[in-house]
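Right, one structure below, let's go through it.
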Amino acid sequence: MNHKQIESKWQKYWEESKVFKATNGDKKDTYYVLVEFPYPSGAGLHVGHVRSYTAQDVIARVKRMQGYNVLFPMGWDAFGAPAEQYAIKNHIHPKDAVKENIKTFKGQMKSLGFSFDWDREFSTTDPDYYKWTQWQFLQFYKHGMAYKDTIPVNWCPSCKSVLSNEDAAGGVCERCGSRVEQKEKSQWMLRMSDYAEDLLKGLDDTNFADRVKLGQINWIGKSHGVELDVDIVGGGKFSIFTTCIETVYGITFFVIAPDGKLIKELMPRVNNKEEVEKYILETSKKSNMDRTELNKGKTGCIVEGIRAINPANGKEVPVFLGDFVLGDYGTGAVMAVPAHDQRDFLYAKEHNLDIIQVIDGREIESSAFEKQDYLGKGCKLINSEEFTGLTVEEAKDKITKKLVDKKIARVVNNYKMRDWIFSRQRFWGEPIPMIYCEKCGWVPMNEDELPLLLPDVTEYEPTDDGESPLAKITDWVNTKCPKCGAPAKRETDTMPNWAGSSWYFLRFMDPHNDKEFASMDAMKYWKRVDWYNGGMEHTARHLLYARFWVQFLYNIGLAPSKEMIWTRVSHGMILGSNNEKMSKSKGNVVNPDDIVNTYGADTLRVYEMFIGDYTQDVSWNEDSLKGCRKFLDRVIKIGNSINDKDGYSDDVLVNKTIKKVTNDIFSLKYNTAVSALMIMLNEYEKYNDGITKDDYRVFLHLLNPIAPHITEELNEKYALGEVLCRSNWQEYDDSKTISNEKMIGVQVNGKLRDEILISLDEDEEEIKKRSLECDNVKKHIENKEIVKIIVVKGKIVNIVVK
RNA sequence: GCCUGUGUGGUGGAAUUGGUAGACACGCUGGACUCAAAAUCCAGUGAGCCUAGCUCAUGUCGGUUCGAGUCCGACCACAGGUACCA
């Protein structure tokens with residue numbers, strides 16, 4: 001059989017008959033299968049894409065056959081740096097490059113037979129789409145959720161350009177190799193930290209895999225502790241946050257962030273201004289990498305003239321600057337207890353500061369006695385006035401209560417998750433629809449003027465001072481203030497790549513709506529994404545952004561529920577045959593087109609499902625691929641052995657396989673679903689007088705979601721029944737999934753010695769008796785006392801002897 | 001360092017969740033067909049030994065149990081994420 005012919009025949013049928021079209025309002029139950037829409041790069045579809053798309057396609061196809069109205073859409077996440085880089089190099093408008101790439105991707109996807117509803121396709125770069133991304137940004141702004149702030153960004157002094165964290169990996173500019181510095185820049189921010197608690201709680205209303213939930217929980221990084229006010233000698237105060245209030249009597253100094261607001265306020269009172277300012281400058285030149293990797297916990301500088309009072313015991317201690325304290329986490333200041341925190345310990349040693357032990361348990365000569373070592377071990381406090389002698393756990397409560405009662409402390413939660421930096425100094429992104437007026441400040445564009453289109457230009461390089469390329473286009477930048485009409489300027493930053501992908505799944509529910517981003521009716525109809533698949537690398541950030549976006553829309557009445565993604569699963573990567581990530585430079589890239597040409601789309605699909613555990617990484621293996629082609633050839637061949645009998649040749653085999661394939665598909669065990677089908681075929685091949693039409697039909701049907709072309713063709717060729725993709729999924733009779741007879745093992749003292757054939761309704765005493773009669777069992781129990789005989793129904797017999 | 005995941009034949013991987021370890025497939029070996037090769041088909045394939053059988057085997061060392069790849073404790077290795085988060 002010619003796979004190319006068959007594939008194009010059925011692909012044409014699916015396209016023309018619109019079997020995969022999802023209609024809003026259909027009375028059937030809905031099921032929304034989503035796979036992360038790809039970034040259409042110039043390299044074309046990767047075999048890794050094929051893995052997850054096939055898996056989701058299988059789910060979508062089975063759900064359709066099970067009678068659901070299935071939404072299985074596809075689109076393009078096409079804004080972002082790679083297209084812009086390509087445009088800079090080749091002087092092509094990114095829009096044109098994207099168009100080309102989409103064409104390639106779409107062709108490749110069609111050649112693989114994915115059952116997407118192409119009528120709902122869109123790209124994040126379509127003005128009809130990004131109009132609504134901009135509109136939603138305006139809602140964030142209008143609800144006080146978007147604000148401008150000056151924050152440090154990665155800056156390459158030689159390229160004169162702002163770099164993303166990815167481009168500044170290792171503290172070095174990816175393009176020129178210079179050291180990256182931190183530069184203050186005014187950026188749009190979204191108040192995501194306001195949603196930290198809701199994002200944490202919302203996880204209970206999802207069915208995400210545990211490792212995905214954990215990823216989210218860790219990223220949000222909640223810690224429970226105490227915020228404590230600290231008086232400064234001579235007036236004034238600041239606050240610190242701690243999770244270890246039990247160590248408060250061990251404070252020997254405080255450390256404040258060099259990049260925080262506090263030191264700026266204190267500056268007039270500082271005696272060693274020069275030294276302090278030098279240290280602040282040094283810190284600003286370091287990237288985050290330098291701050292964390294180099295001189296761990298040791299650099300710092302005393303702030304002379306400022307001394308603070310330990311609120312627990314009134315003792316006066318010095319204040320330092322240290323770049324390990326971050327200006328934007330907690331309060332930007334910490335209490336230092338060198339006896340019980342390793343970082344404080346190193347700092348104290350470096351700067352010759354006192355170390356006071358307050359928790360008993362072990363000596364602290366060479367390292368700090370930290371909370372992971374003393375918590376829950378019944379350790380007691382020392383050197384802590386009235387709290388001395390209490391256990392750590394008791395002291396935690398009592399010290400907190402005392403300080404809270406004195407109104408100098410508050411019990412609070414802190415989160416690692418920060419606000420979302422929403423500005424990029426790039427050309428190829430959604431323009432932020434804000435206008436700056438000298439008189440009125442930042443003014444949002446009128447909603448009815450959206451979309452704010454990206455201008456057509458030929459230069460995409462950022463400006464010398466790190467502004468977006470849009471800043472150079474004065475025609476575009478200069479406009480009028482929507483409020484007062486005075487001359488004003490547009491925001492020239494664009495949105496991050498994450499913006500468009502934070503709500504695309506809602507748009508798929510109602511993709512052609514020109515009145516709203518999606519109607520409430522459409523969103524209520526589809527309810528949620530039932531099954532979402534994507535890469536592990538997106539389970540933290542993308543998923544968090546998307547959930548935040550939905551929760552915000554829900555809170556302002558524009559989404560039907562707070563969590564709109566139910567199940568989220570992640571696939572493992574496909575590595576090259578040398579077990580390394582596929583990349584051009586390593587020469588281990590496999591192009592799916594070549595495989596489809598040589599072996600056929602069905603072979604590639606079967607192979608990618610069979611290759612191994614779906615959630616784990618696997619490496620490419622051409623030999624194994626050939627084995628899958630061989631399997632399909634045997635599927636074709638066995639059609640020649642159809643006899644004219646009715647029914648199934650083996651009821652148990654059929655029912656068992658239907659059950660296994662169905663269950664495995666919905667528990668991500670595609671590999672064992674395929675193997676169950678291989679076993680079924682192996683059995684069929686053993687029949688002396690061929691297989692029945694029913695045997696063949698049920699087999700083809702079960703294989704259909706994975707290998708849709710060849711199975712439809714064979715089903716048609718032998719006139720076995722209705723087109724498979726329109727047929728009801730096979731049901732099984734659970735009572736027929738197990739045969740009445742079974743071979744079970746007979747053990748003596750846990751070691752297998754023989755086997756007996758039993759029937760499932762056989763009496764236990766009878767089984768015991770027959771077990772003892774086995775020749776090999778007799779040998780092993782000879783001259784021994786039988787202690788007991790354990791019979792596990794339908795599984796095993798174990799004879800315990802002494 | 002911390003978090004997460006993974007360690008099973010020559011290879012990819014199974015194992016009904018504590019019950020016959022190695023399903024299924026690849027590879028390899030032998031055979032059939034062929035002038036020959038490819039393709040296809042058949043048989044074998046964890047290691048070892050005193051080979052009707054026995055012993056050892058799921059990263060290492062202990063433990064629980066009639067019985068452990070699976071549970072518990074300690075450790076080792078690899079991969080990914082994260083990083084001075086107070």
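In the text below, chain A, chain B and the rest are named by the order of the sequence lines, each starting its count at 1.
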Syn/anti state of B:rG69 by chi, 90° boundary around 0 = anti
Do A:Asn682 and B:rC24 have a side chain to base donor-acceptor pair shorter than 3.5 Å?
-> no
Could you list the residues that satisfy side-chain hydrogen bond (donor to acceptor under 3.5 Å, both in side chains) with A:Thr598, not counting sequence neighbours?
-> none
What's the spacing between A:Glu370 CD and A:Asp344 CG if we round to 0.5 Å?
-> 9.0 Å
Counting only non-hydrogen atoms, which of residues 793-802 of chain A are less than 4.0 Å from RNA chain B?
-> A:Lys795, A:Ile796, A:Asn798, A:Val800
When rounded to the nearest 0.5 angstrom, what is the spacing between CG in A:Leu199 and CG in A:Leu544?
-> 5.5 Å
Mark up nucleotides 50-56 of chain B, 5' to 3', with B wherever a protein heavy atom is under 4.0 angstrom from a base atom, S wherever such an atom reaches only the sugar-phosphate, and - elsewhere.
-> ---SSSS
Report yes if a side-chain nitrogen or oxygen of A:Lys788 is closer than 4.0 Å to either non-bridging phosphate oxygen (OP1 or OP2) of B:rG67; otherwise report no.
-> no
Contacts of A:His3 that satisfy side-chain hydrogen bond (donor to acceptor under 3.5 Å, both in side chains) - sequence neighbours left out = A:Arg629
Length of the CG-C1' vector between A:Leu575 and B:rU6, whole Å | 13 Å
Take atom NZ in A:Lys213; do more than 12 heavy atoms of anything else shown fall under 6.0 Å from it?
-> yes
Go through the structure and list residues passing salt bridge (Lys or Arg N to Asp or Glu O under 4.0 Å) with A:Glu246, not counting sequence neighbours.
-> A:Lys396
For RNA chain B, just give me the dot-bracket, please: Watson-Crick or G-U, both distances below 3.5 Å, ( ) intra-strand, [ ] crossing earlier pairs, | paired with another strand, . unpaired.
-> (((((((..(((......[....)))((((((.......))))))((((...))))..(((((..]....))))))))))))....
What integer number of Å spans the P atoms of B:rG30 and B:rA77?
-> 42 Å
For A:Asp341, answer base if it contacts any base atom (sugar-phosphate contacts may also be present), sugar-phosphate if it contacts only those atoms, and nothing otherwise; contact means non-hydrogen atoms under 4.0 Å.
-> nothing
Base, sugar-phosphate alone, or nothing: which one does A:Arg418 contact when heavy atoms must sit under 4.0 Å apart?
-> base
Could you check whether A:Asp613 gets within reach of a base, just the sugar-phosphate, or nothing at all, counting any heavy atom under 4.0 Å?
-> sugar-phosphate
Would you kindly check whether a donor in the side chain of A:Glu755 faces an acceptor in the base of B:rU20, or vice versa, at under 3.5 angstrom?
-> yes
Considering only atom C1', compute the distance from B:rC28 to B:rG10 and round it to an integer number of Å.
-> 8 Å
